[in-house]
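See below for the structure under consideration.
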Number of protein chains: 2
Amino acid sequence: MSPLPSGLLGDLDPTSDRAVFRQIADQLREAIDRGRFREGEKLPSEADLVDHFGVSRMTVRNAFSILQGEGLVHAEHGRGVFVRPRPPVRRLASDRFARRHREQGKSAFIVEADAAGSHPQVDSLEVKEEKASQDVSARLGSVRRVLARRRRYLLDGRPVEFATSYLPLDIARGTPIAEPNPGPGGIYARLEELGHRLDHFEEEIRARMPSPTEVKTLRLAAGVPVIHLIRTAFDTEGRAVEVCDTVMAADAYVLSYQLPAT
Amino acid sequence: MSPLPSGLLGDLDPTSDRAVFRQIADQLREAIDRGRFREGEKLPSEADLVDHFGVSRMTVRNAFSILQGEGLVHAEHGRGVFVRPRPPVRRLASDRFARRHREQGKSAFIVEADAAGSHPQVDSLEVKEEKASQDVSARLGSVRRVLARRRRYLLDGRPVEFATSYLPLDIARGTPIAEPNPGPGGIYARLEELGHRLDHFEEEIRARMPSPTEVKTLRLAAGVPVIHLIRTAFDTEGRAVEVCDTVMAADAYVLSYQLPAT
DNA sequence: CACGCTTACTCGTATAGACGAGTGGGCGAG
DNA sequence: CTCGCCCACTCGTCTATACGAGTAAGCGTG
């Protein structure tokens, strides 16, 4: 156990009324911000810090748990505590559903990821009829049962997004939309072929901490929120023809919208 | 110290390899989800749970700290641990900058809050010239110095949003935009009067955990992420005339956008 | 050389105890 | 009755200790 390089971290201020574990967290946070520790780099071990600051281990662990909650670091059992690297972000533009983007055969996700040089994957495909939740029913205009299309998106092996599309049965049943692979251009292309020319989308965005299920599905590190996006697609007759409920790892996304200044 | 009502919480499973503090957190989470504890209601005290489960206090505290990280509960020193109430959310529509919404005298924030029956407030007003950050400079087209307008928004006494507008000096200096109160219709009205007719806005949205500064400024509870929104306003000549950097308490907002299906 | 075991180091979980500090109700003095 | 104090209860901070379990490097054996 090598002692900490002197100067890397300072001392505690016993006169301060700031709790010791907060002072330690402050020092580590500042060192990270200043680039003394780089992305992915290992921080001093708990034992190192116990020696350096002369405190008990629980105090050091408390300090680390603060930084974890802030999403700054993550611990790996048996290895150490590391500065959490910022993963590459996926940029979602507001014109991503424009007709011109409906490529042949491949989904927007695949096309875009290929272009960015990363390896895209879609799994957990599930297509089935089910009872509409109260919220989905309200958005689709009081439908009882819906077709649900569930899928998870991964980039370079990392899950980044989990989405479920809900469609009224009278529109989707017996059409390619009810097939696992709906064909080129995705379900929006199919909807238009079925006579539902798309007019506009409405997107609602929230951010919150993930549920335990979401942590598992998206393999989220501590201190990573999720972006919850609910999109409703309207056809030219003003009918809501699809609701898509998406949960995204917030550290993997930047959403981008263009608004007219009308 | 009254014993816990039997049936409210179950027992631990000693054969499970799930950690005890996680099992306790699971039980509390489920009880909250099922409505056994309502919003704002007090959960059993640490001492109660120590007795009920026959574990040490740190184990119970670990369980609570998980739930805090999930934003489900919050602790109040000397009072107890409570189910975190969901505050009323502010809905931001994508047409909120439309010209027709530029009311006389009052800002959009005030008008909207009044309409919703809550008490709006704006403070921390600061208007000054400063050096542009690298990011702001890039967005505004390589300007060195900018006019920065900082303000914090509160609803019913609770801070919900902290925003800074940056404008190029050659546009803003010496105009009402450089005054604390820019007058009716806000700075967008002034920009148009100055010949910069607004064409469109671009908004970038991220979500992440707050920095300690943001926690203080927005008085955020544990487990509440922030929404970071960066808006750039473009005039009809394609010039970026303002960048607005906004940090919002994520539990107080729903963003809503309308997209054409062009 | 290759494989497997040992070992040191890492974080994870849990116990027991101590003191501090904020809150709020109750009780006693005036 | 009212005010102020006290006390019980609450969470916050910190120490000290123990064992478990994952990781990786090194060493010894075949």
Side-chain angles (χ1 to χ4, degrees), chain A residues 1-4 11-28 37 40-69 72-84 215 221-223, chain B residues 1-4 11-28 37 40-69 72-84 215 221-223:
Chain A
M1 164 183 344
S2 57
L4 232 51
D11 293 318
L12 298 177
D13 174 5
T15 71
S16 163
D17 52 359
R18 189 152 177 85
V20 174
F21 72 92
R22 285 184 207 285
Q23 292 187 47
I24 297 178
D26 291 345
Q27 291 207 20
L28 291 169
F37 300 106
E41 197 174 331
K42 186 176 170 300
L43 294 174
S45 76
E46 293 176 359
D48 289 343
L49 295 172
V50 163
D51 289 349
H52 178 82
F53 289 114
V55 298
S56 85
R57 192 176 154 217
M58 282 311 295
T59 303
V60 170
R61 281 182 65 78
N62 263 335
F64 274 141
S65 99
I66 289 187
L67 299 179
Q68 270 195 50
L72 272 182
V73 307
H74 70 113
E76 292 182 29
H77 192 171
R79 304 224 308 129
V81 178
F82 301 83
V83 180
R84 201 154 67 70
V215 168
Chain B
M1 165 184 341
S2 56
L4 234 52
D11 293 316
L12 299 176
D13 174 5
T15 71
S16 163
D17 52 359
R18 188 150 177 87
V20 173
F21 73 91
R22 286 184 205 287
Q23 292 187 46
I24 296 178
D26 290 345
Q27 290 207 20
L28 290 169
F37 301 106
E41 197 174 333
K42 186 173 169 302
L43 294 174
S45 75
E46 293 176 0
D48 288 343
L49 294 172
V50 163
D51 289 349
H52 178 82
F53 289 114
V55 298
S56 83
R57 192 174 154 220
M58 283 310 296
T59 303
V60 170
R61 282 183 63 78
N62 263 335
F64 274 139
S65 100
I66 290 187
L67 300 179
Q68 270 196 51
L72 273 182
V73 307
H74 70 113
E76 292 182 31
H77 192 170
R79 304 222 311 130
V81 178
F82 300 83
V83 179
R84 199 153 68 70
V215 168

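Order of the sequence lines fixes the chain letters, A, B, ..., with proteins taken first and strands second; residue numbering starts at 1 for each chain.
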Between [N] ([atom2]) and [X] ([atom1]): distance, integer Å:
{"X": "B:Glu76", "N": "C:dG24", "atom1": "CD", "atom2": "C1'", "answer": "13 Å"}
{"X": "A:Asn62", "N": "D:dG12", "atom1": "CG", "atom2": "P", "answer": "11 Å"}
{"X": "B:Leu67", "N": "D:dC11", "atom1": "CG", "atom2": "P", "answer": "13 Å"}
{"X": "A:Leu49", "N": "D:dC14", "atom1": "CG", "atom2": "C1'", "answer": "16 Å"}
{"X": "B:Asp48", "N": "D:dA8", "atom1": "CG", "atom2": "C1'", "answer": "14 Å"}
{"X": "A:Phe82", "N": "C:dT10", "atom1": "CZ", "atom2": "P", "answer": "11 Å"}
{"X": "A:Asp51", "N": "D:dT15", "atom1": "CG", "atom2": "P", "answer": "13 Å"}
{"X": "B:His74", "N": "D:dG12", "atom1": "NE2", "atom2": "C1'", "answer": "16 Å"}

Any sub-3.5 Å donor-acceptor pair from A:Asp48's side-chain atoms to A:Ser45's backbone N or O? yes

Closer than 3.5 angstrom, by distance alone: can the side chain of B:Gln23 be matched with the main-chain N or O of B:Arg18 as a donor-acceptor pair? yes

Would you indicate which nucleotide in [options] comes nearest to any side-chain atom of [X]?
{"X": "A:Ser56", "options": "C:dC11, C:dA14, D:dA16", "answer": "D:dA16"}
{"X": "B:Arg22", "options": "D:dC11, C:dT13, D:dC14", "answer": "C:dT13"}
{"X": "B:Thr59", "options": "D:dT10, D:dG20, C:dT15", "answer": "C:dT15"}
{"X": "B:His77", "options": "C:dC11, C:dA14, D:dT10", "answer": "D:dT10"}
{"X": "A:Val81", "options": "C:dA14, C:dG22, C:dC11", "answer": "C:dC11"}
{"X": "B:Arg79", "options": "D:dC14, C:dG24, D:dC11", "answer": "C:dG24"}

Ignoring hydrogens and angles, answer whether the base of C:dG12 and the side-chain atoms of A:Arg57 contain a donor-acceptor pair closer than 3.5 Å. yes

Please report the interatomic distance CG(B:Leu49) to CZ(B:Phe64), rounded to the nearest 0.5 Å. 5.0 Å

Shortest non-hydrogen contact from A:Ala25 to A:Leu67? O-CD2, 3.7 Å

Using heavy-atom distances to pick each residue's nearest nucleotide on DNA chain D, tell me which of B:Met58 and B:Glu46 is more 5'. B:Glu46

Residue mapping more 5' on DNA chain D - nearest nucleotide basis, B:Gly80 or A:Phe21: B:Gly80

Validation row: A:Arg84, A:Val73 side chains within 4.5 angstrom (heavy atoms): no

Please determine whether a side-chain nitrogen or oxygen atom of B:Arg61 lies at a distance below 4.0 Å from atom OP1 or OP2 of D:dG12. yes

